[in-house]
**Student:** 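Structure below; questions to follow.
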Amino acid sequence: MTDTAGAAWEPKATYGPGTGASPTGEGVVRRRHRWLRGVALGTAVLVLGAGGAGWAAYQKLNGNITKDTDAAAELARYERERPTPLVHDAQNILLIGSDTRAGDNRKYGRDRGTQRSDTTILLHLAADRQSATAVSIPRDLMVDVPGCRRPDGSRTRAQFAQFNSAFEVGGTACTIRTVEKLTRIRVDHHMVVDFAGFKDMVDAVDGVEVCLKAPIDDDDAHVRLAPGLQTLDGEQALGYVRARKSLGNGSDTERMDRQQRFLGALVNKVQSNDVLLNPSKLYPVLDAATSSLTTDPALASLRGLYELVRGMRNIPTERVQFLTVPRQSYTYDVNRDQLVEPAAEQLFTRLRTDSPVAVVPERPADPRESPPGQEQAYRGNAGHSDSDAKPDDPSHTPSPAPTFRGNTAAGTPCE
C-alpha cells in the first residue's frame with residue numbers, strides 16, 4: 001500500500017505469546033490495542049477480508065482528508081518567531097470547530113463568505129502517552145492577534161481583538177500563531193471540522209448518550225430536547241453543544257462545559273467494542289471522521305493519523321481530561337473575556353513543560369447563581385507553583401500543584 005504522499009505502508013500481522021493473535025486466527029485482541037487500531041487502521045480489516053474492495057475503501061478514506069498546505073506555507077514564513085518545543089515526544093494539537101455556513105452548513109445561518117472558530121481546543125498529549133489534556137479557549141477571549149495573511153493575499157495589522165476573529169481574518173495559520181503567542185506552546189498539528197462533519201461523526205456511531213437536567217428549546221441552535229437520559233443523533237448533538245441563550249445563565253462557559261462532557265461521552269462511544277471490532281460499523285465512522293477533517297500535511301493520510309494516535313492506546317479514560325483556560329469577564333466589556341493570572345500562565349507552563357495537570361469536577365450547585373462571565377476554573381496557592389520552590393531554603397515549603405476545574409472522559413452521562 002501507499003499513502004497519498006507515496007510512502008510505502010502495509011499492516012503487519014504479529015503472532016506469538018501475548019500478542020492476542022495466532023496463525024490460525026485464535027486468541028484475543030488486547031483491549032489496549034482496540035480503539036487505536038480501529039480508529040487509525042480499521043480499514044486494514046477490510047483490506048485483509050475483502051481484497052480489492054478493501055483496497056478501494058482504504059484509498060477512499062485516505063483521500064477523504066483535506067490537506068491544509070496554505071496554513072503550512074504561512075507558518076513556515078514565521079518559523080523564527082514560533083515557540084520551540086521543550087519536551088521531546090510531547091504533542092500539541094489544535095482542534096478547531098468552524099462555524100462556516102457554506103455548503104451543507106447553510107441551514108445554520110446565512111453564508112457571509114467568512115467563518116470563525118466556534119470552538120477551539122488545545123489538546124496536549126503527554127510524552128509518555130499516559131494522559132491527554134484538552135483545554136478549551138473561549139471564542140470571546142481578548143488576545144493579541146498578530147498581523148496575518150487574508151484569503152485574498154492582503155495582510156492585516158496586529159491588533160488586540162476577540163480570539164475567534166483570528167480564524168475569520170487569517171484562517172488556521174493565524175489562529176495557530178495567536179494561540180502560540182498567547183500560550184508560548186508550540187502547536188505541532190491541527191485539525192479543522194465544520195458543523196456537517198460533527199453531525200456525521202455522531203450519526204456514524206449511532207448517537208451519543210447524554211443526561212439532560214432540564215428541557216432544551218433553542219431556536220438559534222435548532223434544537224428541542226426533553227429532560228432525562230437519551231441518545232442524541234448528529235443533528236440533536238450539534239444543537240446541544242451549540243445552544244447557549246436558552247440554558248443556565250446563557251454564558252459561553254456553560255456551553256464549553258457541555259462540549260467537553262459531550263466529547264468525553266463520544267470518546268467512550270468510539271472506544272466501545274461494538275464500534276471498533278465491527279467492520280460494518282467501523283467503516284462509516286472512519287468515513288465520517290476522515291471526510292470532515294482538514295489537517296496539516298503531516299496528518300493528511302491514514303498513516304499520518306495512525307502515527308499520531310498509536311501511542312494513545314494506553315491512556316485510560318480517567319486520564320483524558322477536559323478543562324477551560326482560567327478566565328473572567330473582560331474589564332472593559334462584560335461580554336468579552338480575559339485570562340485570570342497567574343492561573344492561566346501556570347496552566348500554560350505545565351503544558352509547555354509536560355508537567356501533570358490536575359482537574360477537579362467543581363461546579364456551582366445552580367449555574368444561574370454564577371455571575372455571567374465569571375469562571376471559577378482554578379485553585380492554587382496565591383499564584384505560586386512548583387517552580388517557585390527553593391530546595392536550598394530549609395524554611396521553604398513547596399507549594400502544591402495547582403488544580404483546575406474540569407472533567408474526564410470517564411464520567412457517566414448522569415453525573
Side-chain angles (χ1 to χ4, degrees), residues 66-84 92-103 105-106 108-123 135-195 252 256 293-300 324-325 327 329-339 341 344-345 348 352 373:
T66 301
K67 184 183 301 185
D68 194 352
T69 54
D70 288 344
E74 180 69 2
L75 290 172
R77 290 173 55 95
Y78 295 94
E79 180 60 36
R80 294 182 63 180
E81 73 176 32
R82 299 184 65 195
T84 300
N92 297 292
I93 302 96
L94 196 66
L95 312 176
I96 302 173
S98 167
D99 70 353
T100 178
R101 265 60 172 185
N105 300 298
R106 292 181 187 277
Y108 304 108
R110 188 172 65 179
D111 180 14
R112 301 179 184 276
T114 61
Q115 57 181 332
R116 290 196 175 193
S117 49
D118 196 60
T119 300
T120 303
I121 295 175
L122 181 62
L123 175 63
V135 181
S136 294
I137 302 176
R139 64 179 191 173
D140 295 333
L141 187 69
M142 298 302 293
V143 298
D144 290 313
V145 179
C148 296
R149 181 183 182 276
R150 294 190 181 96
D152 64 6
S154 62
R155 293 195 172 268
T156 65
R157 293 183 178 181
Q159 57 183 318
F160 185 66
Q162 212 173 314
F163 172 74
N164 68 346
S165 66
F167 194 70
E168 180 181 23
V169 300
T172 305
C174 190
T175 302
I176 290 173
R177 292 176 59 215
T178 300
V179 169
E180 291 183 339
K181 186 177 182 66
L182 177 71
T183 66
R184 290 185 291 132
I185 296 171
R186 173 79 174 211
V187 174
D188 302 294
H189 301 289
H190 69 269
M191 300 180 182
V192 182
V193 63
D194 61 17
F195 292 156
D252 206 35
M256 285 187 291
L293 286 179
T294 297
T295 77
D296 58 280
L299 294 185
T324 300
V325 63
R327 56 62 124 80
S329 292
Y330 179 47
T331 304
Y332 303 105
D333 186 346
V334 295
N335 295 312
R336 300 290 179 262
D337 296 319
Q338 65 186 30
L339 296 179
E341 297 294 3
E345 179 53 33
F348 299 151
R352 275 197 304 271

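As the structure is a computational prediction, the values presented were derived from the model and not from experiment. Quick note: residue numbers are just sequence positions, from 1.
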**Student:** Taking all heavy atoms of Cys174 and all of Pro146, pick out the closest pair and write down the distance.
**Tutor:**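 Reported closest heavy-atom pair: SG-O, 4.3 Å.
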**Student:** Holding to ring pair (Phe, Tyr, Trp, His ring centres under 6.0 Å), I want the full list of residues that pass it with Tyr330, two or more places apart in sequence or in another chain.
**Tutor:**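 So Tyr330 forms a ring pair (Phe, Tyr, Trp, His ring centres under 6.0 Å) with Tyr332.
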**Student:** Can you name the salt bridge (Lys or Arg N to Asp or Glu O under 4.0 Å) partners of Glu345, sequence neighbours left out?
**Tutor:**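 Expected list: Arg184, Arg352.
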**Student:** About how many Å separate OG of Ser329 and CE of Met142, when rounded to the nearest 0.5 Å?
**Tutor:**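 So the gap between those two atoms works out to 13.0 Å.
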**Student:** Enter the distance from Thr120:OG1 to Leu95:CG here, rounded to the nearest 0.5 Å.
**Tutor:**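 Answer for the OG1-CG pair, Thr120 versus Leu95, is 9.0 Å.
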**Student:** Which atom pair, heavy atoms only, marks the closest approach of Val135 to Val325?
**Tutor:**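 Shortest heavy-atom contact: CG1-N, 3.8 Å.
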**Student:** Please give me the minimum heavy-atom distance between Thr175 and Ala166, naming the atom from each residue.
**Tutor:**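 In this case the closest contact between Thr175 and Ala166 is OG1-C, 3.9 Å.
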**Student:** Partners of Arg186 by salt bridge (Lys or Arg N to Asp or Glu O under 4.0 Å), sequence neighbours excluded?
**Tutor:**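 By the salt bridge (Lys or Arg N to Asp or Glu O under 4.0 Å) rule, Arg186 matches Glu79.
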**Student:** So do Asp140 and Asn335 actually touch side chain to side chain, heavy atoms under 4.5 Å?
**Tutor:**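 Contact flag for Asn335/Asp140 side chains = no.
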**Student:** State, yes or no, whether a side-chain contact exists between Glu81 and Glu180 at a heavy-atom distance under 4.5 Å.
**Tutor:**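 In short, these two side chains do not touch, never coming nearer than 4.5 Å.
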**Student:** Atom CD1 of Ile96 and atom CE of Met191: how far apart are they, to the nearest 0.5 Å?
**Tutor:**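 Between atom CD1 of Ile96 and atom CE of Met191 there are 11.5 Å.
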**Student:** For Val179 and Ile185: C-alpha separation, side-chain torsions, deciding distance, then whether side chain to side chain contact (heavy atoms under 4.5 Å, CB included) applies.
**Tutor:** CA-CA 8 Å; Val179 169; Ile185 296 171; over 6 Å; no
**Student:** Which atoms form the tightest heavy-atom contact between Phe163 and Val143, and what is the distance?
**Tutor:**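 Shortest heavy-atom contact: CA-CG2, 3.8 Å.
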**Student:** Checking Thr331 now: which residues fulfil side chain to side chain donor-acceptor pair (under 3.5 Å) with it, not counting sequence neighbours?
**Tutor:**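 Applying side chain to side chain donor-acceptor pair (under 3.5 Å) to Thr331 gives Gln338.
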**Student:** With heavy-atom distances below 4.5 Å as the criterion, would you say the side chains of Thr172 and Phe167 are in contact?
**Tutor:**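 Yes, at least one pair of side-chain atoms sits under 4.5 Å.
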**Student:** In Å and rounded to the nearest 0.5 Å, what is the CG to CD1 distance from Leu182 to Ile137?
**Tutor:**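 So the gap between those two atoms works out to 6.5 Å.
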**Student:** Quick one: closest heavy-atom pair of Ser136 and Ile121, and the distance?
**Tutor:**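 Distance-wise, the nearest heavy atoms are OG-CG1, 3.9 Å.
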**Student:** Just jot down the side chain to side chain contact (heavy atoms under 4.5 Å, CB included) partners of Ala298, sequence neighbours excluded, or say none.
**Tutor:**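 For Ala298 the side chain to side chain contact (heavy atoms under 4.5 Å, CB included) partners, ignoring immediate neighbours, are His189, Asp296.
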**Student:** Rounded to the nearest 0.5 Å, what separation is found between the CZ atom of Arg150 and the CG atom of Asp152?
**Tutor:**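 Here the rounded value is 6.5 Å.
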**Student:** Is Thr294 reaching over with its side chain to a backbone N or O of Asp68, donor-acceptor style, under 3.5 angstrom?
**Tutor:**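 Absent.
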**Student:** Please name all residues satisfying salt bridge (Lys or Arg N to Asp or Glu O under 4.0 Å) with Arg77, sequence neighbours left out, ordered by chain then number.
**Tutor:**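 Counting only residues at least two positions away or on another chain, Arg77 forms a salt bridge (Lys or Arg N to Asp or Glu O under 4.0 Å) with Glu74.
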**Student:** Does the pair Leu339 and Leu141 meet the rule for a side chain to side chain contact (heavy atoms under 4.5 Å, CB included), with working shown?
**Tutor:** CA-CA 8 Å; Leu339 296 179; Leu141 187 69; 3.8 Å; yes
**Student:** In Å, rounded to the nearest 0.5 Å, how long is the span from CD of Gln159 to SG of Cys148?
**Tutor:**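 Interatomic distance, Gln159 CD to Cys148 SG, rounded to 0.5 Å: 8.5 Å.
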**Student:** Test Ile176 against Arg82 for side chain to side chain contact (heavy atoms under 4.5 Å, CB included), laying out the working first.
**Tutor:** CA-CA 10 Å; Ile176 290 173; Arg82 299 184 65 195; 4.0 Å; yes
